[in-house]
Amino acid sequence: MTFAKSYEPGEFESDIYAAWEASGVFTPSVPRVPTDNDGNGVDDRQGNLTYSIVMPPPNANGNLHIGHGLTVALEDSLIRYHRLKGISTWYIPGADHAGFETWVVYERFLEKQGHTRFEFSRDELYARVWDFVAEQRGNMELQLRALGASCAWDDLTFTLDENVVDRVYTTFEKMWKDGMIYRGEKLVNFCPKHQTAFADIEVEHKDEKGTLWDIAYPVKGSKKEIIVSTTRPETLFGDAAVAVNPNDERYTDLIGKMVKLPLTEREIPVITDEHADPAYGTGAVKITPAHDFDDFEVGERHNLPRLQVINEEGKMVNVPSEYAGLTTEECRKKVLKDLKEQDLLRGEKKIVHSVAHCYKCGTTLEPMLKEQWFVDVEKLAAVAIKHLEAGEIKFYPENKCKVLINYLKGLKDWNISRQIPWGIAIPMFRKVDKTATDEPDWIFDRRTNLREIEKGGVRYVRDEDTFDTWFSSAHWPIVCTDWTEENYNPYYPLNVMETGADILFAWVARMIMMGLYVTGEVPFKEVYLHGLVLDAHGQKMSKSKGNVINPMDLVTRFGSDAFRLGILRGRSAGMNQAFAEDAVIAGRNLCNKLWNISRLIQGIVDEKKTDDLHSSELEYTTLNMGEDWICREINECLEQVEQDMANYRFAEAVETLYSTIWDKYADWFLESQKMFKNVPLLKKTLETLLIALHPFAPFVTEAIWQNLSWADGFVATAKWPEKLEFDPISAENFEKLMVVVSEVRGTLQALPGTNNAKKYGLMYDNDSLVKDNQMLIKTLAKVPTINALEGAPRGLRLALANHELYLDVPEKVVSEYKESLTEKILAVGRELDGLNARMMNPNYVSKAPEHLVKETEDAIREKEALIERLKQQLKLI
RNA sequence: GGGGAUUUAGCUCAGCUGGCUAGAGCGUACGAUUCACAUUCGUAAGGUCACAGGUUCAAGCCCUGUAAUCCCCACCA
């Protein structure tokens with residue numbers, strides 16, 4: 001049981017984690033299906049206290065980034081705190097197959113090997129990615145351990161686990177039966193590079209420079225023409241109409257007429273629609289239902305044909321032969337050239353407009369007409385809104401609830417089809433044999449391992465697509481807790497969902513909708529959203545900027561605890577905040593401080609050899625003011641931490657612990673204990689602080705706990721401390737003594753000359769607080785002597801503390817101090833003026849609460865007395 | 001166009017329902033040093049709380065407006 005001179009996290013962390021894991025301290029004590037004596041499931045809602053958090057699953061084959069580090073710091077401190085509180089905690093780890101992300105990585109890998117996805121079947125690709133992920137897997141799980149995440153590893157859920165797929169299929173089937181799933185030909189955001197569609201939420205809009213061209217469409221049977229404005233001339237082949245605003249008088253005579261579509265032989269009608277903005281361009285707009293979202297809606301309203309002219313590779317189709325096969329860009333050039341030759345191009349204007357991009361590769365997304373599976377979200381959103389408005393979920397920060405409701409109110413149907421092999425196969429099969437007319441075209445079947453099935457003599461082939469990752473992730477609280485229809489599960493709903501504010505819509509919203517749909521209950525009672533971790537200068541971290549901070553580097557350099565303490569510093573819910581390495585260093589220093597505090601105390605325990613009592617047998621009493629005071633301060637600290645944890649104020653909790661341990665416990669209490677050495681109290685208070693800091697700094701607190709000669713078990717499973725007993729009056733007196741000591745130190749510093757603390761002693765007169773504690777004052781103030789004053793007062797009286805205490809300073813030095821004394825009198829005088837002014841105000845006296853008025857009166861008396869003392873001091877000189 | 005936020009010390013941020021002299025970490029300056037810790041100890045300097053009004057006995061905090069910065073959603077033919 002020896003303590004090295006400093007704490008070296010690297011020497012302890014992995015062993016400690018292994019010991020925790022091996023002893024099963026992370027396993028919840030209450031089973032997820034509580035049973036009675038006969039083994040039947042029971043609803044013991046009242047019986048046991050449980051606390052559950054599911055981890056937002058990191059990418060299974062990736063490394064943790066700093067956001068994960070923050071997530072673990074937040075979630076694990078909640079879990080550990082509640083575990084110490086004696087609650088059965090379940091922190092469920094997860095791993096994400098990360099459908100699209102992983103697919104992009106894998107496709108790049110294929111390309112490097114000289115292959116493309118088109119050489120393999122969907123099933124082959126799935127198997128290959130599975131192996132690819134399996135090979136890379138495991139890193140992030142080790143990293144979670146390094147961060148100290150106290151999760152139940154046996155319950156790790158992978159997003160492609162059988163129970164996840166089962167649950168997703170069950171939900172999908174239910175939705176299918178409920179008529180909430182439909183196959184629709186709709187415009188989807190399609191990435192021609194990745195060959196897949198995206199949900200609206202995955203699209204990134206960027207402002208880009210573009211050109212707005214004016215093109216003349218000749219009106220049939222008239223010499224007139226109608227000029228439309230477009231940024232995409234190549235889509236004119238897909239035009240189904242020209243629209244003008246019904247109130248636009250310029251075009252009244254043309255409504256209903258046919259115009260000739262340039263470069264083709266087709267004719268299209270002029271229609272009226274509110275979509276056409278008379279103030280924009282010429283006020284007339286070409287309508288291309290198959291390649292523009294607004295035009296699609298106009299087309300729906302007017303029953304216009306959807307003519308697809310761009311295919312999935314971004315090439316022109318269904319166009320005159322000289323254009324067929326061109327890329328959209330080539331086609332645009334040729335169209336413009338040809339229009340110019342025919343004198344139909346009437347102008348161009350540079351504009352800035354926002355363009356949809358693939359959030360992964362940046363390719364411009366093509367609105368593409370495709371048959372996809374959609375979820376009708378109307379009911380889902382309505383139910384979610386109802387529960388949110390009823391306040392069933394508490395949000396941190398609070399305003400995100402409104403933001404979410406606002407989003408849900410405008411939610412459009414959800415495209416859940418992805419043309420990516422890596423994911424959960426959509427369990428729908430299409431009829432092959434067209435002759436069996438009374439059979440539906442699509443049937444639901446769970447046998448997605450088969451490409452083709454037979455039912456009632458009819459052959460069906462599986463839809464090749466996979467689910468949008470968010471469709472399955474939306475089930476996360478349900479699948480991680482093993483929620484079932486049959487049994488009451490004490491861990492569902494979760495106590496809190498902690499995740500990034502950036503996925504409020506993509507994930508949190510969908511978990512709420514899905515949770516309510518599947519279980520009838522909201523999936524979590526509270527939501528804590530964290531903001532982005534920005535770099536030191538407040539910039540978003542990105543690979544291209546090269547400002548990415550790797551959490552594992554910090555763990556290696558400063559220790560896991562230091563990282564956790566540091567990243568929680570100065571952070572509040574929902575806010576993007578800069579990351580300060582300084583804060584991690586401060587965390588590292590705190591760990592070392594605590595280590596050395598323990599080293600000192602263990603040293604005293606060894607030296608005194610008074611007892612070998614273990615924690616459970618400890619009986620302590622306070623014997624002097626400093627001891628009463630520290631008990632009071634520790635109690636206040638515990639209370640503060642409890643309050644902060646209940647309100648998710650992590651940074652404040654850490655701050656309170658930091659200052660209690662450092663500024664109070666070490667700087668004042670332990671300094672005074674060098675005289676008194678109250679061993680049972682030292683043990684008790686140290687244990688209390690170790691437990692209180694444990695949620696935030698699990699490793700160092702455990703390393704110390706294991707190193708102490710008297711502590712048993714793990715601090716990780718210790719009991720959250722009860723309040724300490726103390727004498728409040730005595731504690732108050734210590735505070736007075738602290739003021740005395742501070743003034744001695746401050747005055748010695750302010751006096752001219754160096755090494756004053758060694759030169760001048762202290763003298764006291766007729767003052768019991770000082771007289772009774774002279775040795776303590778001498779120790780704390782580090783003065784060479786302390787004696788009773790003999791004869792008339794001399795030297796420098798310490799006026800601030802209002803005690804009969806004098807610094808034994810020669811008159812020459814005192815007179816040099818005169819100036820600062822005068823300044824002090826003036827400063828106190830200014831404060832006094834302010835207080836007096838307040839009391840002169842009759843409204844203050846009559847309207848402010850009585851205790852405040854009384855406080856002001858007291859303060860005035862005190863200041864007046866102080867000025868008097870200072871003036872006397874001045875006279876003495 | 002709709003919505004959400006931010007602005008407090010040199011830097012990164014606290015400041016919860018308005019109430020003593022606005023706090024912390026880092027940084028800066030000055031001083032200390034065997035006796036737990038230089039990953040230390042002590043002391044200090046540093047703030048027009050973005051700006052302008054208002055409410056109030058009292059405003060960093062509440063209200064109105066202005067400016068700057070950032071984010072999300074929708075739209076831009």
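Chain A is the first sequence line, chain B the second, and so forth, proteins listed ahead of strands; every chain is numbered from 1.
- Residue whose closest nucleotide on RNA chain B sits further toward the 5' end, between A:His275 and A:Ser742: A:Ser742.
- For A:Lys674 and B:rA36, a side-chain-to-base donor-acceptor distance below 3.5 Å is present, hydrogens and geometry of angles not being considered.
- Taking atom CE on A:Met840 and atom C1' on B:rC57, their separation rounds to 15 Å, with Å as the unit.
- In this structure, A:Lys545 places its NZ atom where more than 12 heavy-atom neighbours from other residues, nucleotides or ligands lie under 6.0 Å away.
- Among the heavy atoms of the strands, none lies under 4.0 Å from A:Gln643.
- In this structure, A:Tyr648 and A:Phe650 have tilted ring planes: the angle between them lies in the 30° to 60° band.
- Residue A:Ala583 is classed as having no contact, given no heavy-atom separation below 4.0 Å to the nucleic acid.
- Among the atoms of the strands shown, base atoms are found under 4.0 Å from some heavy atom of A:Pro849.
- The shortest side-chain heavy-atom distance between A:Ile287 and A:Asp273 does not fall under the 4.5 Å cut-off.
- Distance CG (A:Asn836) to P (B:rU21): 13 Å, rounded to an integer number of Å.
- Look at the C1' atom in both B:rU56 and B:rC61: the space between them is 13 Å, to the nearest Å.
- Between B:rC16 and B:rU34, the distance separating the two P atoms is 44 Å to the nearest Å.
- Taking 4.0 angstrom as the limit, A:Gln673 places none of its side-chain polar atoms (N or O) nearer than this to OP1 or OP2 of B:rA36.
- Between A:Arg838 and B:rC20 there is no side-chain N or O to OP1 or OP2 distance below 4.0 Å.
- Comparing B:rC72, B:rG19, B:rA36 against the side chain of A:Phe505 picks out B:rC72 as the nearest.
- Judged by a 6.0 Å distance limit and a 45° cone about the ring axis, A:Arg332 is not positioned over the six-membered ring of A:Trp213.
- Residue A:Glu735 places its CD atom among more than 12 non-hydrogen atoms of other residues, nucleotides or ligands, all under 6.0 Å distant.
- The separation of B:rC57 from B:rA45, taken at their P atoms, amounts to 35 Å, rounded to a whole angstrom.
- Residue A:Ser742 holds its OG atom at 9.5 Å from CG of A:Leu780, rounded to the nearest 0.5 Å.
- Rounded to whole Å, the distance from NZ on A:Lys412 to P on B:rG2 is 18 Å.
- Nucleotides B:rG18 and B:rC49, compared at atom C1', are 15 Å apart to the nearest Å.
- Taking CD of A:Glu636 as the reference point, atom NZ of A:Lys664 lies at 6.5 Å (rounded to 0.5 Å).
- In this structure, of B:rA36, B:rC57, B:rG25, it is B:rA36 that holds the atom nearest to the side chain of A:Leu600.
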Strictly under 3.5 Å: I want the nitrogen or oxygen pairs between protein and nucleotides 39-42 of chain B, one per line.
residue: B:rU39; atom: O4'; partner: A:Asn589; partner atom: OD1; Å: 3.2
residue: B:rU39; atom: O2'; partner: A:Asn592; partner atom: ND2; Å: 2.7
residue: B:rU39; atom: O4; partner: A:Glu8; partner atom: OE2; Å: 3.4
residue: B:rU40; atom: O3'; partner: A:Lys593; partner atom: NZ; Å: 3.2
residue: B:rC41; atom: OP1; partner: A:Lys593; partner atom: NZ; Å: 2.8
residue: B:rC41; atom: OP1; partner: A:Trp662; partner atom: NE1; Å: 2.4
residue: B:rG42; atom: OP1; partner: A:Asp667; partner atom: OD2; Å: 3.2
residue: B:rG42; atom: N2; partner: A:Gln749; partner atom: OE1; Å: 3.2
residue: B:rG42; atom: N2; partner: A:Gln749; partner atom: NE2; Å: 3.2

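- One finds a salt bridge joining A:Glu300 and A:Arg306 here, because a Lys/Arg side-chain nitrogen approaches an Asp/Glu carboxylate oxygen to under 4.0 Å.
- By the 30° and 60° cut-offs, the orientation of the rings of A:Tyr7 relative to A:Phe12 is parallel.
- With respect to the salt-bridge test (charged N to carboxylate O, under 4.0 angstrom), the residues A:Glu366 and A:Arg232 qualify.
- Within the nucleic acid shown, A:Ser572 comes within 4.0 Å of sugar-phosphate atoms alone, with no base atom in reach, counting heavy atoms only.
- Evaluation of atom-type donor-acceptor distances gives a pair under 3.5 Å for the side chain of A:Glu671 against the base of B:rA36.
- Distances from the side chain of A:Asn406 to the nucleotides B:rG3, B:rG19, B:rG25 place B:rG3 closest.
- B:rA32 and B:rC71: their C1' atoms are spaced 49 Å apart (whole Å).
- Partner of A:Leu408 under the side-chain contact (heavy atoms from CB on, under 4.5 Å) criterion, chosen from A:Leu404, A:Asn406, A:Ile405: A:Leu404.
- For the atom pair A:His537 NE2 and A:Gln539 CD, the distance stands at 8.5 Å (nearest 0.5 Å).
- Of the two residues near RNA chain B, A:Val845 and A:Ala750, the one whose nearest nucleotide lies more 5' is A:Ala750.
- Across all strands, A:Ala859 comes closer than 4.0 Å to no nucleic acid atom at all (heavy-atom distances).
- Side-chain proximity of A:Tyr844 to B:rU21, B:rC57, B:rA36: nearest is B:rC57.
- In this structure, CG of A:Asp644 is placed 17 Å from P of B:rA24, rounded to the nearest angstrom.
- The shortest side-chain heavy-atom distance between A:His851 and A:Glu855 falls under the 4.5 Å cut-off.
- Summarising the geometry, the separation between CD on A:Glu655 and C1' on B:rA14 is reported as 6 Å, rounded to the nearest angstrom.
- Taking atom P in both B:rA52 and B:rA67, one finds a spacing of 15 Å when rounded to whole Å.
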Scan nucleotides 4-11 of chain B nucleotide by nucleotide, 5' to 3', and note B when protein non-hydrogen atoms come under 4.0 Å of the base, S if they reach only the sugar-phosphate, - if neither.
SSS-----
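- Following rounding to the nearest Å, A:Phe669 (CZ) and B:rC37 (C1') show an atom-to-atom distance of 17 Å.
- Rounded to the nearest Å, the gap between the P atom of B:rG60 and that of B:rG23 is 13 Å.
- Across all strands shown, A:Lys540 has no heavy atoms under 4.0 Å from either base or sugar-phosphate atoms.
- Nucleotides B:rA36 and B:rU40 are separated by 10 Å at their C1' atoms, to the nearest Å.
- Following rounding to the nearest Å, A:Asn841 (CG) and B:rG19 (C1') show an atom-to-atom distance of 14 Å.
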For Watson-Crick and G-U wobble pairs within 3.5 Å on both distances, what is RNA chain B written in dot-bracket notation, | included for inter-strand pairing?
(((((((..((((.....[...)))).((((((....).))))).....(((((..]....))))))))))))....
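- A donor-acceptor pair is defined here as one N or O able to donate and one able to accept, closer than 3.5 Å; no such pair exists between the side chain of A:Arg569 and the backbone of A:Ala583.
- The aromatic rings of A:Trp470 and A:Trp507 lie tilted to each other, with the angle between the two planes from 30° to 60°.
- Distance, A:Leu411 CG to B:rC73 P: 13 Å, rounded to whole Å.
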